[in-house]
Amino acid sequence: MSASPELQREMLRQMQTIRRFEERASDDYQSGAIYGVVHCYIGEEAVAVGVCSALKDGDQIISNHRGHGHCIAKGADLNRMMAELYGREDGFCKGKGGSMHIADFSIGMLGANGIVGGGLSIITGAGLAAQMDGDGGVAVGFFGDGASNAGSFHESLNIAASWKLPVIYVCEHNSWAANTAATMTHGAADVAGRAAGYGMPGIVVDGNDVVAVYDAATQAIARARAGEGPTLLECKTYRHRNHTERPGAVDPRPASEIAAWVARDPIPMLLEQLKQQQGQFSDAEFQAMDDEILAQIEASVAFAEASPFPAPESALDDVFAD
Ligand SMILES: Cc1ncc(C[n+]2csc(CCOP(=O)(O)OP(=O)(O)O)c2C)c(N)n1
């Protein structure tokens with residue numbers, strides 16, 4: 001087993017933190033305390049946590065519209081995240097970005113992005129910058145199966161393979177792009193198969209098995225650090241929730257399909273695995289971990305509520321970089 005029991009417990013804690021953060025974000029969105037739109041990552045936590053656990057601090061990632069999990073897995077501060085969702089001045093983007101635009105350059109989180117496929121060319125540029133710096137940094141782009149049909153996906157993978165950039169393209173294949181089934185828009189079941197056309201490895205992994213994701217990411221990252229170029233890592237997973245938390249939105253997915261994936265929830269899967277590893281964890285310890293996480297989430301909401309809304313006259317501040 002590659003990931004030590006300590007690392008697995010840490011991965012469990014991060015996955016549960018993402019889960020609890022989003023459950024609260026969803027509730028507060030429904031009650032009107034959070035504005036804009038909220039896309040939940042619930043069910044897909046093992047991807048962000050498995051990949052980010054294999055990264056070093058100086059490595060960079062980019063996210064999409066479903067970005068809370070990536071931010072938390074890269075170490076973003078929960079208080080400032082919640083304040084951003086609440087539209088408050090102490091949020092990561094001073095409350096002007098909301099759920100889909102959280103960025104923290106200090107931890108290598110280059111940003112979420114509301115434009116499907118929009119992050120892929122940016123992270124390819126970050127990979128080029130890391131290559132030019134020459135100190136072994138890597139760049140990771142998270143995106144969905146829907147984004148894999150965008151032009152930016154093809155252009156990015158092509159240039160990254162041609163220039164052997166240290167980028168890992170992580171496709172979170174959850175079988176749906178909003179209300180469109182991947183079977184309607186993809187001629188092949190695996191996005192990873194496209195990698196061959198660009199001359200890079202394409203790997204398929206169980207995206208609900210955090211240790212499997214960690215192992216696959218570790219290999220791809222080692223390859224990138226060694227100057228051997230990019231990898232397309234496809235993680236098969238599923239979102240438990242509808243595309244967004246918008247009240248009343250119809251979920252077109254078959255109930256049986258949702259139930260089958262909920263039965264493979266990555267969090268109980270890891271908990272069970274840890275319990276079986278010669279008692280590396282118990283239900284009581286998990287309960288204590290969860291209580292701690294819930295207290296952190298509660299504190300993040302209090303932090304957000306105590307923060308002021310941005311002043312209207314600051315609307316045009318920070319639009320352009322200095
Ligand atoms: C360029 C662009 N086209 C369409 C949309 C509307 N849109 C938002 S999310 C989404 C689905 C994206 O699906 P996928 O990339 O598979 O990610 P998932 O939501 O499944 O995580 C669409 C079509 C958009 N935001 N940007």
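As a basis for the values below, the full set of heavy atoms in this structure was taken, side chains included, without hydrogen atoms, waters or symmetry mates. As the structure is a computational prediction, the values presented were derived from the model and not from experiment. Whatever order the structure lists them in is the order used to number ligands and atoms, beginning at 1.
- Any N or O atom pair closer than 3.5 Å counts here, and N174 shares at least one such pair with ligand 1.
- With no hydrogens or angles considered, a side-chain donor-acceptor pair links Y41 and E172 at under 3.5 Å.
- Between R239 and ligand 1, no pair of N/O atoms sits closer than 3.5 Å.
- Distances shorter than 4.0 angstrom occur between a heavy atom of R66 and an atom of ligand 1.
- Contact between W176 and ligand 1 is present, with at least one heavy atom of the residue lying under 4.0 Å from the ligand.
- Between F143 and F153, the ring-plane angle classifies as tilted under the 30° and 60° cut-offs.
- The closest approach between any non-hydrogen atom of H243 and ligand 1 is below 4.0 Å.
- Salt-bridge annotation for D290 and R20: present, with a side-chain N of the basic residue lying under 4.0 Å from a carboxylate O of the acidic one.
- In the hydrophobic clustering of this structure, M82 groups with M109; members are Ile, Leu, Val, Met, Phe, Trp, Tyr whose side-chain heavy atoms approach within less than 4.5 Å, directly or through other members.
- Of all the heavy atoms of V116, the ones lying under 4.0 Å from any atom of ligand 1 are found in both the backbone and the side chain.
- Each of the following atoms of ligand 1 lies closer than 4.0 Å to a heavy atom of G144: 14 (P), 15 (O), 16 (O), 17 (O).
- The aromatic rings of H186 and H173 sit tilted relative to each other, their planes meeting at an angle between 30° and 60°.
- Taking only non-hydrogen atoms, the option from G118, A147, A178, S175 nearest to atom 15 (O) of ligand 1 is A147.
- When only interatomic distances are considered, the shortest N/O to N/O separation between I115 and ligand 1 does not fall below 3.5 Å.
- Taken from OH in Y29 to CD in E22, the straight-line distance is 13.5 Å, to the nearest 0.5 Å.
- Of all the heavy atoms of E172, none lies under 4.0 Å from any atom of ligand 1, so neither backbone nor side chain is involved.
- Under the 4.5 Å side-chain criterion, counting only non-hydrogen atoms from C-beta, L12 is in contact with F286.
- Taking atom 16 (O) of ligand 1 as the reference point, the nearest protein heavy-atom neighbour is G146 N, 2.7 Å.
- At the top of the distance list for atom 25 (N) of ligand 1, counting protein heavy atoms only, stands G114 O, 2.8 Å.
- Salt bridge absent: D317 and K94 never bring a charged side-chain N and a carboxylate O closer than 4.0 Å.
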